[in-house]
Amino acid sequence: MSVITRFAPSPTGFLHIGGARTALFNWLFAKHHGGEMLLRIEDTDRARSTEAAVTAIHEGLHWLGLDWRGEPISQFARADRHAEVARQLLADGNAYYCYATPEALSEMRETAKAEGRSMRYDGRWRGRDPSEAPAGASPVIRLKAPQDGATVIQDLVQGEVTVQNTEMDDMVLLRADGTPTYMLAVVVDDHDMDVSHVIRGDDHLTNALRQRQIYDLMGWSAPHFAHIPLIHGADGAKLSKRHGALGVEAYRDMGILPAALRNYLLRLGWSHGDEEIIDTAQAIAWFDLEGVGKSAARFDIPRLESLNSHYIRTMDEAELCKLLAAQLCQGQARELSAVEAARLPLALDALKERAKTLIELADKAGFLLDGRPLALEEKAAKLLEGEAPAILARAHACLGAVEDWNLEPLTEAIRGLAEAEDLKLGKLAQPLRAALTGRNASPGIFEVLYFLGRQESLDRIGDHMA
RNA sequence: GUCCCCAUCGUCUAGUGGCCUAGGACGCCGGCCUCUCACGCCGGAAACAGGGGUUCGACUCCCCUUGGGGACGCCA
């Protein structure tokens, strides 16, 4: 039997970080077993589903590098099939019409809450004859759930979970307007699509027991369930859309690489011994449900950034160079000039180990762009005070004599000058750095000269010498 | 309120009864390297929620307490 998983988001917003991890786990599990993942949009609630959200989910998954089998499935498109199953349950005596109005129901809940009882549907229409139905009212169809005994699932992450049937009420299967509820649709679809493993957030754990009742009454065998713990915010509170849950595109905009986010999300709730850096191929080879932890994890940005810096340093340079160029042009009305673009690959190696995100990378690469006279950061301006202009004048003269503008000759020239002047190298390097980059921190000063080229370097030094 | 789930350094986690003087990673602190910032290297502080059992022996098994989370919709 082949492994089929599904990622089944509701299209009510962007692909948030918890959903992204759920998708990743489903994808990895399927890949690991040579199976496939389905994408099913759970859009049975027409009022809350939007096309924009569907698009956002597609784009989010695409950016993350996750794919699925075939076309995305719209759950709503299968409403007829869901209704058919509801009618069969009805015909078999495993479901019944309920004429309780929404108002009556919420009143019932209020009373139960006030009296400290559990807020369940009381089954008032369970045994009644259809002839008692109020005229003109359109009923919902409810499952006639077992009233004694217990329902059990063997969860691949949480273990055996048991709930007494007295704790569960008769859930609505088909709404008054004839559309299916999620609870029915999810069971019918997972069954019809031969889903072998349902991997989802553990906020669905108690739902699984209710769904189990439908499987049992239909005489279907249930898929394997794996309820993975939720992700919390840095403060430990639930990560929700109101509380810091960002869409994956927010991480893209923060300059996070998809590979880094995958690795981070993988290690949040799953482990393989002490392994930390796990690329996607390795993840597919290793991923299993036994490695999934049971407790919720907090989202920690510094750790994500640490992983991100690793992937920035190790990724393909040409690829990174493209990302850097794109980032540098962001918000800028102009393209990079040929001269500027040529500096990027030269400097990339030095730059990339100083950046945790693409944003930082672009920021630190800023000095490579033309724009004399350079804007000076405060600390850089300080470095250009006092005897600095005089020193720069001598450096300018010294560098002007360098014919072969390469790392070794430049190093020799500057070191030679420092020695001749009996200056510590820092005394010379810091003003140069300030004049050349406008900052007090940058890659090594010989490299900076080399990246910028002869003319630009000399011009920038000239701007600040006495 | 009722039911369900969870509980190791600040954070992510290793640990499946003796290998634990509890390991790794991020972060933090100190040092080295050094033209600055990073990288790298070396070192440090830092945890088994509490209480009962079971056992020759519990981080590991059981129970209770506490704490956290989730679910109780004609939402998904």
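Proteins come first, then strands; the chains are lettered A, B, ... in the order of their sequence lines, and each starts at number 1.
Ring pair A:Tyr96/A:Tyr121 is parallel by interplanar angle, where below 30° counts as parallel and above 60° as perpendicular.
Stacking here means ring centres nearer than 5.5 Å and ring planes tilted less than 30 degrees, and by that measure A:His204 does not stack onto B:A71.
Using a 4.0 Å heavy-atom criterion, one finds that A:Thr179 contacts no nucleic acid atom at all. Using a 4.0 Å heavy-atom distance criterion, A:Asn440 is classed as a base contact. Residue contacts for A:Val140: at a heavy-atom cut-off of 4.0 Å it reaches a base atom on one of the strands shown. When heavy atoms are screened at a 4.0 angstrom cut-off, A:Pro229 is found touching no nucleic acid atom at all. Residue A:Phe446 is in base contact, counting any heavy-atom pair closer than 4.0 Å across all strands shown. Across all strands, A:Asn207 comes closer than 4.0 Å to base atoms (heavy-atom distances). Counting non-hydrogen atoms under 4.0 angstrom, A:Pro302 reaches the backbone sugars and phosphates but no base. Residue A:Thr162 is classed as a sugar-phosphate contact, given heavy-atom separations below 4.0 Å to backbone atoms only. Within the nucleic acid shown, A:Ile445 comes within 4.0 Å of at least one base atom, counting heavy atoms only. Contacts of A:Glu276 with the nucleic acid, taken as non-hydrogen atoms under 4.0 Å apart, include base atoms. If you check every strand for non-hydrogen atoms under 4.0 Å, A:Arg210 touches nothing.
Contacts of residues 180-191 of chain A with RNA chain B (heavy atom under 4.0 Å): A:Thr181, A:Tyr182, A:Met183.
Spacing between atom CG of A:Asn308 and atom P of B:C12 amounts to 20 Å, rounded to whole angstrom units. Computed from coordinates, the A:Leu209 CG to B:C3 P distance equals 15 Å when rounded to whole Å. Atom P of nucleotide B:C39 and atom NZ of A:Lys364 are separated by 10 Å, given to the nearest angstrom. What separates CG of A:Asp155 from C1' of B:A71 is a distance of 15 Å, to the nearest Å.
For the pair A:Arg21 and A:Phe25, the cation sits on the ring face: its NZ or CZ lies under 6.0 Å from the ring centre, inside 45° of the axis. Figure legend: A:Arg439 and A:Phe367 shown without cation-pi pairing, the cationic atom not lying both under 6.0 angstrom from the six-membered ring centre and within 45 degrees of its axis.
Looking at A:Arg415 and A:Glu419, no side-chain N of the basic residue comes within less than 4.0 Å of a carboxylate O on the acidic one, giving no salt bridge.
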message: If you apply the rule salt bridge (charged side-chain N to carboxylate O under 4.0 Å, His left out), what do you find for A:Glu84 with A:Arg87, and how did you get there?
response: CA-CA 5 Å; A:Glu84 179 187 324; A:Arg87 282 195 300 273; 5.5 Å; no
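Going from atom CG of A:Leu348 over to atom CZ of A:Arg343 covers 15.0 Å, rounded to the nearest 0.5 Å. One distance of note links NE2 of A:His227 with OG1 of A:Thr22; it measures 10.5 Å at 0.5 Å rounding. Note that CD1 of A:Ile153 and CZ of A:Arg212 are 8.5 Å apart. Values are rounded to the nearest 0.5 Å.
Set against B:U13, B:C74, B:C26, the side chain of A:Arg175 has B:C74 as its closest nucleotide. When each of B:C5, B:U2, B:A71 is scored by its nearest atom to the side-chain atoms of A:Asp203, the top-ranked nucleotide is B:A71. With B:C4, B:C74, B:G27 as the choices, the nucleotide that has an atom nearest any side-chain atom of A:Ala176 turns out to be B:C74. Which of B:A76, B:C75, B:A25 sits closest to the side chain of A:Arg48 comes down to B:C75. The side chain of A:Gln75 approaches B:A76 more closely than any other nucleotide in the set B:C12, B:U36, B:A76. Checking B:A76, B:C5, B:C74 against every side-chain atom of A:Val161, the shortest atom distance belongs to B:C5. Of the candidates B:C12, B:A7, B:C3, the closest approach to any side-chain atom of A:Ser295 belongs to B:A7. Checked against B:U36, B:A71, B:C12, the side chain of A:Leu268 finds its nearest nucleotide in B:C12. For A:Thr206, taking side-chain heavy atoms from C-beta onward, the closest of the listed nucleotides B:C4, B:C35, B:U2 is B:C4. Distances were taken from every side-chain heavy atom of A:Arg120 (C-beta onward) to each of B:A25, B:C74, B:U2; the shortest belongs to B:U2.
Screening A:Arg126, A:Gln213, A:Arg142, A:Lys144 for a side-chain hydrogen bond (donor to acceptor under 3.5 Å, both in side chains) involving A:Asp170 leaves a single residue, A:Arg126.
Contact check, A:Arg439 against B:C35: no side-chain N or O comes under 4.0 Å of OP1 or OP2. Distances shown here put a side-chain N or O of A:Arg109 below 4.0 Å from the OP1 or OP2 atom of B:C74.
In terms of position along RNA chain B, the nucleotide closest to A:Asp300 lies nearer the 5' end than the nucleotide closest to the other residue of the pair A:Asp300 and A:Val172.
In this structure B:U2 sits in a base pair with B:A71, meeting the Watson-Crick or G-U test at under 3.5 Å. A 3.5 Å limit on both hydrogen-bonding distances identifies no Watson-Crick or G-U partner for B:A45. Across all strands shown, B:U66 forms a Watson-Crick or G-U wobble pair, both distances under 3.5 Å, with B:A7. Of the nucleotides present, B:G18 is the one that pairs with B:C56 by Watson-Crick or G-U wobble criteria, both distances under 3.5 Å.
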Every protein N/O within reach of nucleotides 14-16 of chain B N/O, cut-off under 3.5 Å:
from  : atom 1 : to       : atom 2 : distance (Å)
B:A14 : OP1    : A:Ser271 : OG     : 2.6

